[in-house]
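Since the structure comes first, as structure tokens, the remarks are kept for the end.
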Number of protein chains: 2
Amino acid sequence: MIEDWTERFQGTAALPRAVRDRLISVARIIHLGAGAQVFGPTNVPDSLFFLYDGRIRVSQSSEAGREIVLYRVDAGESCVLTTACMLAEEAYNAEGIAETNITAIVLPKPAFDRLVSEEEAFRKFVFAAYSRRLIDLLRVVDDVAFGHMDVRLAERLLALAGDHKEIPTTHQNLASELGTAREVISRILSDFQKRGLIAQSRGRIALVDKVALRRIAEAG
Amino acid sequence: MIEDWTERFQGTAALPRAVRDRLISVARIIHLGAGAQVFGPTNVPDSLFFLYDGRIRVSQSSEAGREIVLYRVDAGESCVLTTACMLAEEAYNAEGIAETNITAIVLPKPAFDRLVSEEEAFRKFVFAAYSRRLIDLLRVVDDVAFGHMDVRLAERLLALAGDHKEIPTTHQNLASELGTAREVISRILSDFQKRGLIAQSRGRIALVDKVALRRIAEAG
DNA sequence: CGCCCATCAGTGACATTGTCACCCAAAACG
DNA sequence: CGTTTTGGGTGACAATGTCACTGATGGGCG
């Protein structure tokens with residue numbers, strides 16, 4: 001069940017068989033159901049997470065209760081924010097929620113230290129993971145500080161839809177993705193609808209004209 | 001001149017003498033004048049930076065020409081964004097500007113790899129640096145997405161003033177700090193002035209009532 | 001089935017922030 | 001000096017955020 005670890009983790013920096021074997025020998029496997037909190041301000045893990053299967057949504061919430069999605073951790077990636085929080089013992093208010101049922105590999109800190117020091121490939125993998133998240137956050141800052149809401153919403157709709165045509169989501173959900181208020185999403189969506197780009201019903205959005213949406217998402 | 005390296009770099013994780021010696025033996029020292037670009041989209045270094053003296057301002061700019069300050073690198077800290085960019089070969093538009101004359105220690109990548117693998121203390125230092133920046137960026141996201149401009153401006157004025165009473169800066173500069181437009185800063189500053197919190201003259205802001213400013217900065 | 005209730009979405013009024021097109025004043029510089 | 005550059009003020013409007021509502025929908029249950 002864990003045999004294809006190497007393939008899974010090739011996304012950023014492939015881990016050779018030897019490293020894989022070592023990792024598995026010291027790691028623990030955990031399963032969490034969709035909706036579970038993987039980590040959060042009140043739930044700081046003392047171990048490192050490597051996501052084997054599923055998807056984690058990492059978001060940050062304000063005191064006033066608004067929320068914004070920072071990035072998603074996909075299968076084969078590592079969740080470095082937990083590491084960051086362990087090391088820099090500062091307050092933060094990001095949390096990771098399992099979007100699907102997940103399977104993760106948990107590496108106790110001592111084992112992590114050993115692997116990092118002894119395995120070049122593992123080290124590269126970890127640094128790449130950190131770097132990726134830094135870049136992700138730069139993107140979020142850019143979007144929030146300089147982006148326009150209709151553009152960001154169009155982007156997000158296309159991303160959430162993937163190959164499908166319909167998205168099962170609420171306006172409030174989309175607002176939480178983008179860090180804005182529901183009313184703002186409602187306004188823009190009703191505008192999109194008037195222009196024939198989407199169709200809406202309760203808890204469901206259908207992308208009618210993906211081409212036009214993509215034109216909007218590409219900054220225009 | 002470089003003897004007190006250890007003390008300098010104790011902020012995050014002290015580097016013992018042995019590590020210091022190794023580092024110095026493989027590193028190069030560079031000097032840059034205030035205002036020089038340390039790194040940027042068109043200027044991706046292939047080495048790691050450790051700031052020995054001075055201060056670097058890391059900011060991101062939008063296509064439209066607006067700008068926001070992400071964080072500052074102080075003496076004794078490392079500038080991991082360059083590392084991140086080297087590893088994750090993605091487009092980004094952050095740049096680092098020397099705010100003062102700076103002295104930096106430049107470590108070629110192979111030497112960096114060797115040190116990371118062989119020196120526990122150095123590894124801790126690097127991970128702590130990454131973590132610190134991730135946390136910094138979380139804070140920026142929080143501010144931009146959920147913060148109010150008057151609060152953010154009051155914070156920044158106090159931070160920029162430090163112990164002093166006056167800040168030599170322009171409205172445009174403050175706008176670039178916070179990622180907004182000059183007009184917005186002008187409006188809020190003239191409001192602060194009406195309320196007797198500050199006094200202004202061309203290129204200069206005096207904090208008249210720091211206590212009241214701090215009340216505003218503390219989210220009220 | 002038909003009613004109840006929680007959730008989801010729509011609306012109008014208003015505050016804050018961003019954008020644009022200007023103007024004016026102060027310093028910089030010959 | 002006068003001219004140029006730079007910093008700052010202003011009014012109108014657009015976009016976004018906030019508030020206090022109302023109406024609509026669908027699931028659960030008697």
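When reading the values below, keep in mind they use all heavy atoms of this one structure, side chains included, and skip hydrogens, waters and symmetry mates. Numbered from 1 within each chain, the chains take letters A, B, ... in sequence-line order.
- For the pair A/L153 CG and D/dT16 P, the interatomic distance rounds to 10 Å; values are reported in whole Å.
- Distances shorter than 4.0 Å separate some side-chain N or O of A/R66 from OP1 or OP2 on D/dT18.
- Taking 4.0 angstrom as the limit, A/H171 places a side-chain polar atom (N or O) nearer than this to OP1 or OP2 of C/dG10.
- Between B/R202 and A/S190, the one whose closest nucleotide on DNA chain C sits nearer the 5' end is A/S190.
- Screening B/R187, B/R195, B/K194 against B/D191 for a side chain to side chain donor-acceptor pair (under 3.5 Å) leaves a single residue, B/R195.
- Taking 3.5 Å as the limit, the base of C/dC8 and the side chain of A/Q172 contain no donor-acceptor pair of atoms between them.
- A straight line from CG of B/L189 to P of D/dG7 spans 15 Å, rounded to a whole angstrom.
- Regarding contacts with the backbone of C/dG10, a side-chain N or O of A/S186 is found under 4.0 angstrom from either OP1 or OP2.
- Side chains of B/I105 and B/I29 form a contact here, defined as non-hydrogen atoms less than 4.5 Å apart.
- The residue from A/D74, A/N101, A/I97 that alone fulfils the side chain to side chain contact (heavy atoms under 4.5 Å, CB included) condition with A/R55 is A/D74.
- Atoms CD1 (A/I188) and C1' (D/dA14) sit 13 Å apart, rounded to a whole Å.
- Distances shorter than 4.0 Å separate some side-chain N or O of A/T180 from OP1 or OP2 on D/dG17.
- The nearest whole Å value for the distance from the CD atom in A/E183 to the P atom in C/dA15 is 16 Å.
- Within 3.5 Å, no donor on the side chain of B/R204 pairs with an acceptor on the base of D/dG7, nor the reverse.
- As rounded to whole Å, 7 Å separates atom C1' of C/dG18 from atom CZ of B/R187.
- The aromatic ring centroids of B/F49 and B/F112 lie 6.0 Å or more from each other.
- Between the CZ atom of A/F146 and the C1' atom of C/dT17 there is a distance of 14 Å, rounded to whole Å.
- Whole-Å rounding puts the A/M149 CE to C/dG18 C1' distance at 13 Å.
- Between B/L107 and B/F50 there is a side-chain heavy-atom pair separated by less than 4.5 Å.
- In terms of polar N and O atoms assigned as donor or acceptor, the side chain of B/R182 never comes within less than 3.5 Å of the base of C/dG18 in a complementary pairing.
- Atoms CD1 (A/I185) and C1' (C/dG10) sit 15 Å apart, rounded to a whole Å.
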